[in-house]
Amino acid sequence: MAEDVVTMEKIVALCKRRGFIFQSSEIYGGLASTYDYGHYGVLLKQNVKNEWWRAVLQERDDMVALDAAILMHPKVWEASGHLAGFSDPLVQCLGKCKQRFREDQLREAQPEGELKCPVCGGDLTPPRQFNLMFETNMGPVQEEGSTVYLRPETAQGIFVNFKNVLQFSRKKPPFGIAQVGKSFRNEITPQNFIFRTREFEQMEIEFFVPPSEAPVWYDRWRQWRLDWYIDLGIRPDHLQLREHGTDELSHYSSGTSDIEYLFPMGWSELEGIANRGDYDLSQHAKYSGDKLEYVDTATGDRYVPHVIEPSAGAARGTLAFMVDSYDEEEVEGRERVLLRLHPRLAPVKVAVLPLVNKDGQPETARKIYEELRRLMPAEFDTGGSIGKRYRRQDEIGTPWGVTVDHQTMEDQTVTLRDRDSLTQERIAISKLGTELLGRLNAPWRTPKLGGGEAQAA
Ligand code: ATP
């Protein structure tokens with residue numbers, strides 16, 4: 001993809017056209033910054049999450065999984081500091097537009113002098129605090145003490161289960177707990193499509209380590225998480241690790257880095273990796289009265305583990321994979337739009353298409369499709385010209401296409417088309433399944449890197 005080809009508008013249009021993502025409640029005019037995932041969007045985001053689970057859980061032996069509830073005891077949010085501090089100072093325009101803005105974001109854009117409204121140039125109010133947590137009530141009656149919150153991060157569910165996990169899992173630090181789930185933040189300025197929404201999914205790890213090992217694990221996790229995006233096809237020159245300055249760090253953090261991606265609106269955070277010390281476990285120990293520490297039965301050593309937290313957004317990742325794989329090219333005088341997605345991320349792996357809709361071809365193609373779909377997500381399509389059907393598959397990123405033609409009826413071979421190179425080779429039907437499974441699990445090489453270099457996954 002040439003850098004100037006992709007815009008957010010093109011991604012939004014493709015998402016709607018091909019059924020990845022829709023505006024929520026669209027027939028009622030839509031609800032601001034909320035989105036619904038359609039068929040291919042569900043499959044793509046699910047694949048992003050699956051690849052995350054594969055890398056952080058399946059391919060390691062020092063991690064366990066968790067799925068904590070969205071609603072938690074309100075004290076959790078006192079202990080975590082969210083009730084007191086999960087707010088951003090806002091300023092409101094006193095001029096024409098009356099809009100509200102985050103003061104810190106305005107300051108970035110207007111580093112000097114008195115802040116002015118970026119929309120209409122009006123004067124602004126002094127900053128005020130707003131709580132970013134969504135509140136609701138537990139039980140049908142709204143009464144004192146019934147207030148609960150939709151969690152603004154999945155992390156706290158992990159901390160409050162530290163003791164449970166330690167008891168059953170027979171793990172000792174260094175080990176981690178991984179979780180994927182919905183989080184909610186009443187963001188002031190949701191924007192940029194699914195980049196910043198009020199309801200979103202996080203993929204979070206809390207990795208518990210002996211205190212002296214924290215800096216080493218922090219470095220490792222920064223590298224591992226960066227490599228994960230590269231292995232799944234994002235061009236390395238579209239990723240950067242940005243270490244927070246001391247003025248940006250929370251008081252308990254001794255290091256935080258953002259993995260940033262070059263989105264169409266510029267470099268923006270994809271994932272944060274933080275060295276959080278023993279802050280979280282100590283806070284929950286203080287507020288709950290429970291001891292949250294590790295006791296080494298062999299040596300008698302006891303300590304509160306330090307925590308490294310790699311925290312990623314599933315939607316931001318999904319958006320980055322779409323943006324980075326988006327491409328347009330001209331083939332034989334016709335424009336083709338395609339997503340050069342890593343095969344493991346692609347919503348559909350193989351499309352089976354009869355060249356023509358007669359002569360037994362659709363029946364044979366359907367049989368092949370029914371065999372293949374037992375192995376991997378597959379599609380069977382008979383509607384429209386073969387060119388149109390391929391364009392549709394290119395736009396949803398399907399890496400392989402199988403065409404059944406007149407020769408198939410004679411010698412039981414089909415053509416196998418590669419999305420990226422457009423090469424077509426003949427292959428026996430009996431070998432298709434093994435061939436495609438092999439390709440799906442092989443290291444993947446993308447032909448479209450910024451530097452023109454291919455890269456092994
Ligand atoms: P930002 O500075 O962009 O608001 P953050 O630093 O507050 O993000 P974290 O609290 O570190 O974000 O959350 C970890 C990850 O969760 C982020 O890197 C991002 O991928 C995702 N995330 C956070 N807020 C949102 C949101 N409003 N919409 C979508 N994803 C989000």
Side-chain angles (χ1 to χ4, degrees), residues 8 21 24 31-37 41 45 48-49 52 56 77 80-82 85-90 101-108 130-134 150-159 178-207 218 221-222 225-226 228-229 234 239-245 247-250 252-253 255-263 265-276 279-280 307-323:
M8 199 64 99
I21 299 166
S24 159
L31 180 66
S33 96
T34 45
Y35 294 94
D36 299 339
Y37 286 75
K45 181 149 65 90
V48 171
K49 291 186 280 183
W52 185 86
V56 309
W77 308 113
S80 69
H82 283 87
F86 196 57
S87 52
D88 288 311
L90 295 190
F101 307 94
R102 262 169 66 172
E103 191 201 19
D104 58 335
Q105 288 179 348
L106 288 193
R107 193 40 88 194
E108 267 175 37
F130 278 77
N131 197 317
L132 296 189
M133 279 204 291
F134 278 91
L150 302 188
R151 66 180 176 199
E153 61 178 32
T154 61
Q156 300 304 324
I158 298 181
F159 294 126
Q179 152 156 266
V180 174
K182 283 260 165 113
S183 294
F184 302 82
R185 294 181 191 176
N186 223 334
E187 297 273 7
I188 315 304
T189 48
Q191 56 195 351
N192 292 316
F193 194 34
I194 55 168
F195 176 82
R196 186 185 305 285
T197 51
R198 296 197 168 102
E199 173 181 347
F200 56 98
E201 255 176 311
Q202 289 186 303
M203 308 186 289
E204 291 199 298
I205 297 164
E206 304 303 330
F207 201 78
Y218 172 61
W221 275 109
R222 283 168 15 126
R225 294 304 306 144
L226 183 66
W228 184 78
Y229 293 99
I234 293 199
L239 288 165
Q240 68 184 19
L241 256 178
R242 189 181 69 80
E243 182 86 41
H244 285 203
D247 52 333
E248 282 179 274
L249 289 178
S250 14
Y252 49 79
S253 173
T256 298
S257 298
D258 290 343
I259 296 177
E260 296 186 332
Y261 174 69
L262 190 54
F263 284 100
M265 68 280 187
W267 287 104
S268 310
E269 176 179 336
L270 200 49
E271 170 160 354
I273 297 112
N275 180 348
R276 299 176 62 91
Y279 176 75
D280 307 277
V307 167
I308 310 300
E309 178 189 79
S311 172
R316 282 193 195 176
T318 302
L319 183 60
F321 287 119
M322 287 188 92
V323 167

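Computation of the quantities below employed the complete heavy-atom set of this structure, encompassing side-chain atoms and omitting hydrogens, waters and symmetry-equivalent molecules. In listed order, ligands and their atoms are each counted from 1.
No donor-acceptor pair closer than 3.5 Å links the side chain of Gln179 to the backbone N or O of Ile205. With hydrogens and angles ignored, the 3.5 Å screen pairs a side-chain donor or acceptor of Arg316 with a backbone N or O of Glu269.
When the side-chain contact (heavy atoms from CB on, under 4.5 Å) test is applied to Glu103, the partners found at least two apart in sequence or on another chain are Pro89, Val91, Leu115, Pro127.
The residues lining ligand 1, counting any heavy atom closer than 4.0 Å, are Arg185, Glu187, Phe195, Arg196, Thr197, Phe200, Gln202, Glu269, Leu270, Glu271, Gly272, Ser311, Ala312, Gly313, Arg316.
For Arg225 and Trp221, the positive end is not near the middle of the six-membered ring at less than 6.0 Å and at most 45° from its axis. Both tests do not hold together for Lys182 against Phe200: distance to the six-membered ring centre under 6.0 Å, angle to the ring axis within 45°.
Salt bridge absent: Glu187 and Arg198 never bring a charged side-chain N and a carboxylate O closer than 4.0 Å.
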